[in-house]
**Q** 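Structure incoming, see below.
None of the values given here were measured: they were computed from a predicted structure. Numbers for residues simply follow the sequence, beginning at 1. For the numbers below, each heavy atom of this structure counts, side chains included, while hydrogens, waters and symmetry mates do not.
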Amino acid sequence: AKDAPDSVRRIAAVELGYLLGQVLETKIKVVETPEPDTVSIFLGAASGFDVEDFARDQFRVKIDATGVRIAGRDGLEPRKAWTWERAFERATLFGVYDFLEREVGMRFYFPGELGTIVPKTKRLVLPFAERTVKPRFAVRRYGYRDGTFPPELKEKDGLMAQGDDMKTVNRYRLRMETESIPCSHGQLHSKFYRRFAKTHPEYFRMGKDGKRILTEAVSAPLWSKEHLCQSSAIWDVLYEDAKCYLTGGSAEERQIPSRHKGRTYDWPLGAVGRKYYDVMPHDGFQPCCCPACSNNYDRTRTNYATELVWGRTAALANRLKAEGVMGYVTQMAYHPYGDVPKVDIPDNVLVMVAHSGPWTAEYSGSFNQGLALVRDWTKKLGHPVWMWTYPDKIFRTDFPDIPQMSPHGWAKYYGTYAPYITGAFCESESDRWMYNHLNYYVFSRVCWDENLDVDAVLDEYYRLMYGKGAPYVKRFFESLEKKWLTRMIKRADFNQAGPNVTVPGEYEIWMDIYSSAVLAEYEGWLSAAEKAVVPGSLEARRLELVRREFLTPLAARAAKKHDAMSVEKGLAKRAGRPDRSMLRNGDCESTEKWEAIPAGATKLSLDATTFVTGKHSFKMTTGATNEYSFVRQYCRFKPGTKYRVSYFQKLQDVKPIGEVGGVYCEYYDGGWHWFPRDEPAMNGTTDWVYREYDFEIPEKPAKGAHFFHFYFSHAVGTAWFDDVRIEELPKDAVIKKEVVR
């Protein structure tokens, strides 16, 4: 139509012309008036459909003798909503993709020639058809620091030629959400500290000493600072902020400082579309010790602040209703207020429930625990909730170069939860975007059809993408998924710390899960797939991409870890340099200078039955149930000096106490520094391995004793150590930056 909005003219028409042109290998015209002797595809208002009563994202496709007609509700000015979620209506575009998939046979696994299935033909025969389609989930969102998209997949024409990036195009083609509903720590974004720290200190939480805490430790992460007293009049401020926003007022009226340079006032991130206002407390909730809060905490429950937070939320929402203010406030069921409360929740509160997500797919206890929670919330409210889930690679699951492939897990999780939710945000951090490409594709299909046959979808993917190489790629990806969901994620649940997982130790990861034998098997499968396809074909190029994105980095990381732990290579490294260790009895031929703590529970002895060098090793055994057990030796580090600690280590039945735990080494120079820092602790049963870490002492270390020790952190069992050295390094030695998991 002549007055078509950008979502039709600039996006839907451009995509249809570009993609259909690839199929027919010809240029498709975009016009405002049908040309004679042609078959026309009518988009949006040009279709003649009445879509006024359609739901958001619903579309209609009709094919008859007059041509093809596709339409749904479309936004007028998408550029004004140009957030990364691309939150504007574009249902006609969704109809275009549906038409291209069902009638033309295209598939959109990821943008670019290698990820798009384009059946080439000179002639399309379209059967008459008519259908109206709407999504099962209204909330359909994934991503957030999910890795770099392979740049060579950029398309030369179409939307990317107009400036849209590859991740945006993928969200379009997977038909992700078109409305952003905020619910992410709205109180943090309301700038209360800048607004009220000086004038209303009573708004902020009270410490155990009875004083209001207006500043947190400098080292504390941003999200854990400036916590509020949830019993205070801060909720009256929240009410006035929400009311002003929802009734069209300005941020200047409420004196809300802007987060943007060049602006004085601005509404917080949780204010969206004059329709929603986020009142969720800060992340890392810190309890207030004032009498009012303390009396409202139920310390018999993990979610001790449930009644307080939801009571204040309900009261605010009821005030808005009483004054006739239209709109919604959003609140998340999150620690420590994640339980279903006793208070009635008015219908202008939208509830989001936080849960671990697909990583629980193989753990029935936590999977069903989350399912019961959303069922209870649905029963409480009388309607479904939406979810924040965590299929990510952060915190304990931050394993570079290990793919988190899990499409079956994603399909099982969101498909099972579908009757009780209106959708989900999948916080899917990753180091490589391609690790998630099948997870995203399967999620997108579940969002439109909760009864998805995931095996059929994946079998089609393998066949269309890799041809005769499909069986081998299927084995490879299914093995990666099984290892991720059952070995790398040893247990998953959601507790007071939020999404919580138990992961294997470093030795188990690289010497068992991704051992040399496993990687050789992976190499065999991909080599067989490459031999099965025509060299230079699309299938061959896709296999090159799979090898480069999945196997090559995994194999390189594994080889590096295998080398780093190799006893033989450790001995070879040491062979060229004399032993100048500052430790006394580090040769493990005497325990005289080592102190065992706690005495009695930590036993240190010499063992002449197993060692790498000399005649003995240290044998350290602990059955202590306290957090730490260690053996220590005092030493004196030089200011401004670089050192290397190295030793040989072997473990037997080292079992974590709780979710995490294992064996570390540590030095103290006025501050605590432990290794390994960029890998999980060593635990379980291992053969002898070599360990080596470099560190640097500051120019002005803290006064007092310095010492080095081996310790069991939240673990019990037996460990052996041999030939321990701390040696001074040259001043120009390059020290790897410490990473804290």
**Q** Measuring from atom CH2 of Trp388 to atom CE of Met352, what distance do you get when rounded to the nearest 0.5 angstrom?
**A** 6.0 Å
**Q** Determine, using ring centers only, whether Tyr142 and Tyr440 are less than 6.0 Å apart.
**A** yes
**Q** List in chain and number order the residues that pass side-chain contact (heavy atoms from CB on, under 4.5 Å) with Asp3, two or more places apart in sequence or in another chain; answer none if no residue qualifies.
**A** Ala1
**Q** Holding to side-chain hydrogen bond (donor to acceptor under 3.5 Å, both in side chains), I want the full list of residues that pass it with Glu152, two or more places apart in sequence or in another chain.
**A** Arg548
**Q** Ignoring hydrogens, what is the shortest heavy-atom contact between Ala492 and Val501? Give both atom names and the distance.
**A** CB-CG1, 3.9 Å
**Q** Between Tyr435 and Glu549, which heavy-atom pair has the shortest distance, and what is it?
**A** CE2-O, 3.3 Å
**Q** Count the heavy atoms belonging to other residues, nucleotides or ligands that lie under 6.0 Å from NZ of Lys482, then report whether that count exceeds 12.
**A** no
**Q** Can you name the ring pair (Phe, Tyr, Trp, His ring centres under 6.0 Å) partners of Trp525, sequence neighbours left out?
**A** Tyr522
**Q** Verify the neighbour count for atom NZ of Lys560: are there more than 12 heavy atoms of other residues, nucleotides or ligands below 6.0 Å?
**A** no
**Q** Is the ring pair Phe550/His437 parallel, tilted or perpendicular, if the boundaries are 30 and 60 degrees?
**A** perpendicular
**Q** Rounded to the nearest 0.5 Å, how far apart are CG of Asp64 and OG1 of Thr66?
**A** 3.5 Å
**Q** State whether Arg60 and Glu130 are salt-bridged, where the test is any N-O pair (Lys NZ or Arg NE/NH1/NH2 against Asp/Glu carboxylate O) under 4.0 Å.
**A** yes
**Q** Cut-off 3.5 Å, no hydrogens considered: what does the side-chain donor-acceptor table look like for residues 30-42, sequence neighbours left out?
**A**
{"from": "Glu32", "atom 1": "OE2", "to": "Arg9", "atom 2": "NH1", "distance (Å)": "3.3"}
{"from": "Glu32", "atom 1": "OE2", "to": "Arg9", "atom 2": "NH2", "distance (Å)": "3.2"}
{"from": "Thr38", "atom 1": "OG1", "to": "Glu35", "atom 2": "O", "distance (Å)": "2.6"}

**Q** Output yes when Glu15 and Arg173 qualify as a salt bridge under the 4.0 Å nitrogen-oxygen rule, no when they do not.
**A** yes
**Q** Kindly state each residue pair satisfying salt bridge (charged side-chain N to carboxylate O under 4.0 Å, His left out) with at least one member in residues 501-516, sequence neighbours excluded.
**A** Arg487-Glu508, Arg487-Asp512, Lys490-Glu508, Glu506-Lys561, Glu506-Arg691
**Q** Output yes when Asp164 and Arg10 qualify as a salt bridge under the 4.0 Å nitrogen-oxygen rule, no when they do not.
**A** yes
**Q** Please work out whether the ring planes of Phe149 and Trp433 are parallel, tilted or perpendicular, with thresholds of 30° and 60°.
**A** tilted
**Q** Quick one, Trp410 and Val446 - any side-chain contact, counting heavy atoms below 4.5 Å?
**A** no
**Q** Restricting to pairs with a member in residues 113-139, which pass ring-ring contact (aromatic ring centres under 6.0 Å, His included), not counting sequence neighbours?
**A** none
**Q** Is it true that Ser428 and Asp146 share a donor-acceptor pair across their side chains at a distance under 3.5 Å?
**A** no
**Q** Go through the structure and list residues passing ring pair (Phe, Tyr, Trp, His ring centres under 6.0 Å) with Tyr417, not counting sequence neighbours.
**A** Phe367, Tyr413
**Q** Do you know which two heavy atoms are closest between Cys426 and Thr389, and how far apart they sit?
**A** CA-OG1, 3.6 Å
**Q** Restricting to pairs with a member in residues 407-423, which pass salt bridge (charged side-chain N to carboxylate O under 4.0 Å, His left out), not counting sequence neighbours?
**A** none
**Q** Can you sort out the partners of Lys569 under side-chain contact (heavy atoms from CB on, under 4.5 Å), two or more places apart, ordered by chain and number?
**A** Asp563, Ser566
**Q** Got a list of side-chain donor-acceptor pairs under 3.5 Å for residues 464-473, not counting sequence neighbours?
**A**
{"from": "Tyr466", "atom 1": "OH", "to": "Tyr461", "atom 2": "OH", "distance (Å)": "2.7"}

**Q** Indicate every side-chain donor-acceptor pair of residues 551-558 with a distance under 3.5 Å to a residue at least two apart or in another chain.
**A**
{"from": "Thr552", "atom 1": "OG1", "to": "Arg547", "atom 2": "O", "distance (Å)": "3.1"}
{"from": "Arg557", "atom 1": "NE", "to": "Asp401", "atom 2": "OD2", "distance (Å)": "2.9"}
{"from": "Arg557", "atom 1": "NH2", "to": "Asp401", "atom 2": "OD2", "distance (Å)": "3.0"}

**Q** Between Asn436 (side chain) and Asn439 (backbone), is there a donor-acceptor pair under 3.5 Å?
**A** no
**Q** Any side-chain to backbone donor/acceptor pair from Ser515 onto Val518? Under 3.5 Å, distance only.
**A** yes
**Q** May I ask you to check whether Thr397 and Gln404 show a side-chain donor-acceptor distance below 3.5 Å?
**A** no
**Q** Is there a donor-acceptor pair closer than 3.5 Å between any side-chain N or O of Arg73 and the backbone N or O of Glu89?
**A** no
**Q** Using atom types as modelled, flag every donor-acceptor pair under 3.5 Å from a side chain in residues 104-124 to any protein atom, sequence neighbours excluded.
**A**
{"from": "Arg107", "atom 1": "NE", "to": "Glu460", "atom 2": "OE1", "distance (Å)": "2.9"}
{"from": "Arg107", "atom 1": "NH1", "to": "Glu101", "atom 2": "O", "distance (Å)": "3.2"}
{"from": "Arg107", "atom 1": "NH2", "to": "Glu460", "atom 2": "OE2", "distance (Å)": "3.2"}
{"from": "Glu113", "atom 1": "OE1", "to": "Arg541", "atom 2": "NH1", "distance (Å)": "3.2"}
{"from": "Glu113", "atom 1": "OE1", "to": "Arg541", "atom 2": "NH2", "distance (Å)": "3.1"}
{"from": "Thr116", "atom 1": "OG1", "to": "Phe110", "atom 2": "O", "distance (Å)": "3.3"}
{"from": "Thr116", "atom 1": "OG1", "to": "Gly112", "atom 2": "O", "distance (Å)": "2.9"}
{"from": "Lys120", "atom 1": "NZ", "to": "Gln22", "atom 2": "O", "distance (Å)": "3.1"}
{"from": "Thr121", "atom 1": "OG1", "to": "Arg123", "atom 2": "N", "distance (Å)": "3.2"}
{"from": "Thr121", "atom 1": "OG1", "to": "Arg123", "atom 2": "O", "distance (Å)": "3.0"}

